[in-house]
Amino acid sequence: MVKKRTCIFISGYGSNLRYLINNSRNQNFPIKICLVVSNNKKAKGILYAKKNSIPYLIINTNKRNFENIILKELKKYKISLICLAGYMKIISKKFINAFGKTIINIHPSLLPKFKGLNTFKRVLIDKEKKTGCTVHFVNEKLDSGTNIVQKSFFIDKKDNETMLKNKTQKLEHRAFSEAIIKIFRYN
Ligand code: GAR
């Protein structure tokens, strides 16, 4: 199997990155993680890249040409898939077009509900019965591309924001890999 050369974008803890790294060790898993990009030099996720000898790029998004710097690295590492795994920066239309290949994102809500930030807080305020996570293709509009995988759970009356986050992330760790298998297994 020829694995898709993949770059994971992160901003923080990197638990999704960790699961993707573990799964990508399986010879039947369709991606090889060749690069990690972080817009936060303190992101804990960078440690997973280091531990697993995966090249990483820490990018200063205050630089005017930061997207060009990333594009250059993507080219250098022959990347054909980008996974946004907790990358808290909006990807520009120009970047999407220049990359020209698949970009997928994981979002902690049942899209199209609760696009954007503070999802858990809004889920509780709106007294939702269910919540979960979505892996979707990235297009020019925020959290709006076609869904690939969605996983949900029923909200307990006692659930607070932290509990919702923990339950959602547990589902995310399976959903991301399932989405990757779904889109690439037969390619
Ligand atoms: C994940 O829960 C992901 O859904 C969320 O950030 C978290 C990153 O966790 N992404 C967004 O909110 C994007 N809008 P991780 O760093 O432990 O993988």
Side-chain angles (χ1 to χ4, degrees), residues 6-25 29 31 33 35-52 54 56-59 61 67 70 81-93 95-96 99 102-126 128 130-153 155 159-180 182-183:
T6 301
C7 176
I8 316 288
F9 282 35
I10 59 165
S11 296
Y13 196 78
S15 67
N16 280 288
L17 167 66
R18 188 155 65 96
Y19 275 81
L20 290 174
I21 291 174
N22 284 344
N23 287 340
S24 67
R25 288 207 187 97
F29 195 66
I31 66 164
I33 300 171
L35 183 64
V36 170
V37 169
S38 173
N39 66 327
N40 171 12
K41 63 172 189 267
K42 292 189 178 142
K44 216 178 156 197
I46 296 166
L47 295 178
Y48 299 126
K50 279 188 187 168
K51 246 192 201 164
N52 290 280
I54 299 169
Y56 59 92
L57 169 71
I58 297 167
I59 192 75
T61 52
E67 287 194 328
I70 300 176
L81 171 71
I82 294 174
C83 296
L84 306 180
Y87 184 64
M88 304 309 273
K89 180 102 195 150
I90 289 173
I91 303 267
S92 77
K93 181 178 171 179
F95 180 93
I96 293 170
F99 178 58
T102 310
I103 307 178
I104 63 177
N105 177 45
I106 191 147
H107 185 76
S109 80
L110 297 174
L111 292 173
K113 283 184 168 178
F114 306 105
K115 296 174 183 177
L117 298 175
N118 301 317
T119 50
F120 307 117
K121 191 177 186 173
R122 289 186 286 142
V123 160
L124 290 176
I125 289 170
D126 285 13
E128 292 291 308
K130 281 168 91 180
T131 190
C133 65
T134 308
V135 183
H136 65 94
F137 290 106
V138 170
N139 65 13
E140 296 146 21
K141 289 193 193 142
L142 180 70
D143 299 330
S144 296
T146 309
N147 289 351
I148 307 160
V149 166
Q150 214 161 38
K151 285 192 182 292
S152 65
F153 64 92
I155 297 170
D159 281 343
N160 57 28
E161 277 182 53
T162 311
M163 286 149 106
L164 287 188
K165 184 179 171 188
N166 290 341
K167 289 181 183 183
T168 303
Q169 287 206 329
K170 253 192 186 159
L171 294 183
E172 288 187 343
H173 299 151
R174 286 194 286 125
F176 223 152
S177 292
E178 277 181 32
I180 289 168
K182 193 169 169 186
I183 52 183

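Scope of the values below: all heavy atoms of this structure, side chains included, with no hydrogens, waters or symmetry mates. Atoms within a ligand are numbered from 1 in the order they appear, just like the ligands themselves.
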*ligand 1 atoms in contact with Tyr13 (distance to a heavy atom under 4.0 Å)*: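 This gives 16 (O), 17 (O) as the contact atoms.
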*For Gln169, atoms of ligand 1 separated by under 4.0 Å from a heavy atom*: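 Atoms satisfying the 4.0 Å criterion: 1 (C), 2 (O), 7 (C), 8 (C), 9 (O), 17 (O).
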*asked:* Between Lys89 and Ser11, does the side chain to side chain donor-acceptor pair (under 3.5 Å) criterion hold? Intermediate values first, please.
replied: CA-CA 8 Å; Lys89 180 102 195 150; Ser11 296; over 6 Å; no
If you count every heavy atom of other residues, nucleotides or ligands that lies below 6.0 Å from [X] atom [atom1], does the total exceed 12?
{"X": "Phe153", "atom1": "CZ", "answer": "yes"}
{"X": "Lys151", "atom1": "NZ", "answer": "yes"}
{"X": "Ile90", "atom1": "CD1", "answer": "no"}

*Heavy atom under 4.0 Å from ligand 1: found in Lys165's side chain, backbone, both, or neither?*
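Neither; nothing of Lys165 gets under 4.0 Å from ligand 1.
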Please list the nearest protein heavy atom to [atom] with its residue and the distance rounded to 0.1 Å.
{"atom": "atom 14 (N) of ligand 1", "value": "His107 ND1, 3.4 Å"}
{"atom": "atom 13 (C) of ligand 1", "value": "Met88 SD, 3.8 Å"}
{"atom": "atom 12 (O) of ligand 1", "value": "Pro108 CD, 3.4 Å"}

*Could an N or O of ligand 1 be found under 3.5 Å from any N or O of Glu172, whether backbone or side chain?*
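For ligand 1, there is an N or O atom that lies under 3.5 Å from one belonging to Glu172.
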*Just distances here: any N/O of Asp143 and N/O of ligand 1 closer than 3.5 Å?*
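Between Asp143 and ligand 1, no N or O pair is found under 3.5 Å apart.
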_Gly14 touching ligand 1 at heavy-atom level, < 4.0 angstrom_ =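 So Gly14 counts as touching ligand 1.
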*asked:* Just to check, does Ile10 reach to within less than 4.0 Å of ligand 1 when the distance is taken from its heavy atoms?
replied: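 Ile10: no contact with ligand 1 (<4.0 Å).
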*asked:* Measuring from atom 15 (P) of ligand 1, which candidate in Ser15, Gly86, Gly12 has the nearest non-hydrogen atom?
replied: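 Selected option, by shortest heavy-atom distance: Ser15.
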